[in-house]
K.L.:
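Got a structure for you, questions after.
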Amino acid sequence: MAATEAEFVVTNKLGLHARAAARLVRLASRFPCEVEVGRDDQYSNAKSVMGVLLLCGSRGTTIQVRATGEGSEDAVRQIGELINDRFGEAE
Amino acid sequence: MSLPPDREEDSTVGNPAALEPLVFRGIGGSSGVAIGKLMLMDTGGPGVVHRHVSRRALQGEVDRYEAAVTASVEELNQAADRAQHHIAKAEVAILEAYVLMLEDDMLHEDVERRILIDRQCAEWAVEGAIADLGAQLRDSPDPYIAARSDDFEFVGAMVQRSFQGRSTRSPAPREPSIIVARDLSPADTAALDKSVVLGFVTEIGTRTSHTAILARALELPVVVGLSNITSLLGDHDTIIVDGVSGEVILSPTIDQVANAQARAERHRKLAANLREHRDRVPQTKCGEALSIRANIELPAETEVACYEGAQGVGLYRTEFLFIDRITPPTEDEQYAVYRSVVEAMGEHPVTLRTFDIGGDKFVSQFRAPADMNPALGLRAVRLALARPELFLAQLRAMVRASAHGTLRIMIPMISGIQELREVRALFDRAIRQVSDAGHAYSETIPLGAMVEVPSAAIMADLLAQEADFLSIGTNDLVQYSLAVDRTSRALAGLASYFDPAILRLIDIVSKAGVEHACPVSVCGAMASHPLGAAVLLGFGIRDLSMEASAIPEIREAIARVTLADLERTTREALEQGTAAGSERVVSDAFREVFSDLLEAYL
């Protein structure tokens, strides 16, 4: 199965807070493939807001995004764009 | 703000036989007065039954859990819909995040495991799952993430209430009631049916907390910051909430009720009247236009400022970015914040004041040596010039934010022309640095000086020639001119902006502004009181900035008076020898015409 993996740095001020995590989860849920987000090689389900919050991704944290299955490349790319776009937040 | 209540002894607390009134004082978070039945709202988790379930009943427990989640999600979606009608996009986004938490896979898997394997009843399973997940968050080194454990607990409490067949909004009041709660989450506030809610009292919160901001939008009186009040009250007592003074009276006397009813009625009429004028350009009765802007401290307050019809921000205090932290904020971090404020105000101008901090507010390695009297020490522009790298980073962030709207930069505590020149040189350098880095910025950013040190007022003619604008900070001007410590209660009577010495200084500044075509504004407390604002207009000042909540009253006050009356009154006040004398002149002139507005300040 096709697996894609990439790393992104959280740059928005508040980090992966509740609203940002919610956006990431909603985006991940659009893809049929399995999507995981990780930190220091501890992965959790990217379609679970609790899983994403538990990463405790504050500003400056490097987040690993890993997807397996159909659409995995798109999933990783779009999640990366969301992180790089500071989750659409001003700061 | 905390208890004990405002009385000699509180031995009657909790004694139902003694129905003497109890007076508490908190923070008035939203204006207005309400009288009604008290309803304690249980926003915390109720006690949870722990019982093991028989093997046959396990699937039934899972079904019950899923039904409770569905009901909670439904309730949140309705709350989000209702909140859409008010303000607060942020609230709606939080409600949506709660929905995702409720539907979360990890939570479901954990709860199901506890039911199916550990044979726990649904309530117990949810309690355990929420506690575990919350504990993991609380261990986070990041305080923001750690605080999100509150969100998990809130979601858990919603599900628990659903199990009991209670609405997740907790028992909604049937008859008009005043809600008393430890805290109200955005979901709780948004979900309340305004037709039966008369007001709020909470233990937690400040004037800028979620509850207070939302209550202002709903135009409900609220008093926040009354710690422990829920443990002192029972249901169904009569209670008075005064969102103006912050006073809460439990079991009031008949006289107190009558008095509160009269104040409530006056406030309702006034608010209805003021609301009609929210979009009207502020002007005097004779048609002289002026600008009314808001003083803000947090980016979120731009929402309240716009709501009250502010024509921009006349004072944005940037200190909050610098205090309570180990390292100073980076240029990028500041830029993002300033940009959000400028963008929120649209075409209206925003005046950013550079940091006004000194040894007393600064933390960590940036702590300046302690001064005997911090108000007279190394602070504000003095600290900025002593630490140019810190100041340049702030100026660069501000210059970059200028690309996104209309902004002005204001320097606090200028005491003479030399400081302004040194600031101007650094400002020019900051612009060059921003330009060299390839960032966008506006070519025409006005650089102005606060006039709050008496020497600056005396030298205003020179400052007016080199500053792009002057803004009088009346609070510090009073403190420095009259040598009265702002925080001293014993001296509070001496600290009056009606003091003739203060009026003469304002006169000097205002005349210098006219002579050198340098705009003069006022951003102190004087501008937010109807009588103070009247005097300022009489001086020829046409640009006032104040706490957003004062804007409707001031807009209305100004509309009732003519320029001729204002100018005559200010002239007469200037001739008085004492603060009491000039205050009497102004009060005699406008007391009648402002009578309903002035009651809000009593």
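Values reported hereafter were calculated over all heavy atoms of this structure, with side chains retained and with hydrogens, waters and symmetry mates removed. To find a chain, count down the sequence lines: A is the first, B the second, and so on, and within it residues start at 1. In this text, all values refer to a predicted model and were calculated from it rather than measured experimentally.
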K.L.:
To the nearest 0.5 Å, what is the distance between CG on B/L100 and CZ on A/R23?
P.N.:
12.0 Å
K.L.:
Take atom CD of A/E73 as the centre, draw a 6.0 Å sphere, and report whether it contains more than 12 heavy atoms from other residues, nucleotides or ligands.
P.N.:
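Not buried by this count: 12 neighbours or fewer within 6.0 Å.
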K.L.:
How many angstroms lie between atom CG of A/N45 and atom CD of B/E109, to the nearest 0.5 angstrom?
P.N.:
7.5 Å
K.L.:
Working to the nearest 0.5 angstrom, can you tell me the gap between A/K47 NZ and B/D105 CG?
P.N.:
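Answer for the NZ-CG pair, A/K47 versus B/D105, is 9.0 Å.
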K.L.:
Taking atom OG of A/S48 and atom CD of B/E103, what is their separation to the nearest 0.5 Å?
P.N.:
12.0 Å
